[in-house]
Amino acid sequence: MSLRTAGSVLGVFVWSVAVVLGQNGWSVTYTTQSICVLKGSTVELTCSYSYPSGKVTTTLWFTEWGTGVEPKDLGQDPEYKGRLVYHGDKKKDCNLKIRDLREKDSATYKFRFITDQTEGKYYGDPGVTLSVTGTVTFYILVILESLCYRYSNILYTGDPGVTLSVTALQVKVTYSSWKKSVTITCITTCTLTDNPTYIWYKNGQNVQGVSSPMYSISSEDADSYFCAVKGHKDLSSPTVYKPKTSVSVSPSGGIVEGSSVTLTCSSDANPPVQSYTWWYKKNGGDNQSMTGPQHVFNQIQSSDTGEYYCVSQNEMGTDRSRTINMDVKYDPRNTSVSVSPSGEIVEGSSVTLTCSSDANPPVDKYTWYKKNVTSPKASGQRYSITNIISEDRGEYYCEAENKYGRLNSSSVSVDVQYGPKKTSVSVSPSGEIVEGSSYKL
Ligand SMILES: *[C@@H]1O[C@H](CO)[C@@H](O)[C@H](O)[C@H]1NC(C)=O
Ligand SMILES: *[C@@H]1O[C@H](CO)[C@@H](O)[C@H](O)[C@H]1NC(C)=O
Ligand SMILES: *[C@@H]1O[C@H](CO)[C@@H](O)[C@H](O)[C@H]1NC(C)=O
C-alpha cells in the first residue's frame, strides 16, 4: 500500500470516528458560535446538551481553564456576580444569560457537565469499537479514542464554545478638506450580530430620516452628535463636538518683566484636540506665535505686551478662546532730564527741568537732586527755578519711581550767565592770535 493511500484511509477513518462519537450521545450544541453585542446589553447564549444515560451532577460555564483540574466556574467568579442567569435544567438545556455586558466579558464561553455515569458503564457502550470495521490502523486509533473516552465519559466539555465579543459604539469623525464636510460614522469593533438600525441624535434630539451608520454634516457645525442602535438609546456612543476653548494665565496676578509666565489653552473636545495655535494681535493684525497647549515666557519682556488668544482644533471644527491682555509691568528705565529753555541761562530768568522716564505703570513719584546737596531740591515731574541766581549753578538730576522700582537720571549742568548789566568781552576765535590774521572784538 502506498503512503498516499494510507493517508486517505486515515482521513476517512477520522471522519467516521467523529460521526461515531456524535452518535455516542455526548454533545453540546450552541445555536450561535460567534456573537457580537453592545456593551451594557444582555446576551443569551443558547445551548443544549445530551449524554447517553445517567444523571447530571454538575454543570458549569467557563472561559478559562486556569491551573486546576477543573475549569473556573463563571458562577463563582466575582466579576460576573449578579450578572449571570443560568437556566440550565440539568437535563438538556444549558442557556446562559449575561447581563450588563462589559468589554472584558469578550471571551469564548464553554459549557461543561458531569454525570454520575461510571467509566465502566460507558466503556461497555457498543457504538465505538464495533460499528465500523476497517484496517489495522483504524482499530488502533479506535482503541486510543476509547481510552480517552473512558476519561471523558462522565465529563464533557462543549468545544469550541461560543465566542462572545462585546463592543461599545464609537463615533469616528472624518474631515474632508476639499468637500469642507465632516462625516461621522458609528463604529463597533465587531459586526453586531443582530444587524441593527442606527439612529443619530443631534443636540440630544433624534435626527429623522437617518438610519445608516454614516452621517454627513457640514464642517464648523457647533452641534453635538451621538449614535445609538434602535431600541437601545441607553447604550449610545459618546457625544462628539467641536472644541470649547478657554485660556488661563499663571501666575494670575500682575505680570512683571523678567518673570516666568505661562498661558494655558484648555479645551473640552471630543474627539480630542488635534492642535493648539497661539495668536497675538499687533498693528491691527493677528499673528501666529506658537503651537501647543502652553505658551511659556521664561523671562517675559515688555515687548511681549499684547493681546493673546489660542485656537484649538479637532476633526469637528475649531474654536477660539477669549483674548488675554498681557500687560507686562516694569520699573522705570531711560530716566532723563531736559532743560527749557535750552541754551544760555541769564541771571534773573527762569528755567524748567523736566524728568522723563519709561515705566509701566507710569512713574508716580519724581524727586529732584542737586549734586553735593544731600536733601532733595523738589518733587514733581517738572522743576522750575524762577529768578535764577548764580548759586543755582550746578548739576541736577531726577529720580523716577513706580511701584516696581526707581531710577536716577544722569545729571545735566545748569550754568548761569551774568545779566546784561555786566558786560563781558569775548574773543573769537579764541587762542593765540597770529600776525596777519583777522579777528573781531
Ligand atoms: C532705553 O534704554 C534701552 C537700554 O536700557 C535702550 O536700548 C533704548 O534705546 C532706550 N530708549 C530710548 C528711547 O532712549
Ligand atoms: C562736589 O564736591 C566735591 C568734593 O567735595 C568736589 O570735588 C566737586 O567738584 C563738587 N561738585 C560740584 C558740582 O560742586
Ligand atoms: C538717586 O540719588 C539719590 C541722591 O543721591 C539717592 O539717595 C538715591 O538712592 C538714588 N536712587 C537710585 C535709584 O540710585
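All residue numbers refer to positions in the sequence shown, counting from 1. In each ligand, atom 1 is the first atom listed, and ligand 1 is the first ligand listed.
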Establish, from distance only, whether the side-chain atoms of Asp327 and Asn360 form a donor-acceptor pair under 3.5 Å. yes

Atom CE of Met326 with >12 non-hydrogen neighbours under 6.0 angstrom: yes

As a quick check of understanding, evaluate side-chain hydrogen bond (donor to acceptor under 3.5 Å, both in side chains) for Gln313 and Thr318, giving each step before the final call. CA-CA 4 Å; Gln313 181 183 23; Thr318 57; over 6 Å; no

In a check of side chain to side chain donor-acceptor pair (under 3.5 Å) between Glu257 and each of Lys329, Arg333, Gln299, which one passes? Arg333

Return the protein residues near ligand 3 (heavy atom under 4.0 Å from any of its atoms), ordered by chain and residue number. Tyr369, Tyr397, Glu399, Arg406, Asn408

Within 45 degrees of the ring normal and closer than 6.0 Å to the centroid, is that where the cationic atom of Lys244 sits relative to Tyr241? yes

Could you tell me the separation between the NZ atom of Lys281 and the CD atom of Glu307, rounded to the nearest 0.5 Å? 6.0 Å

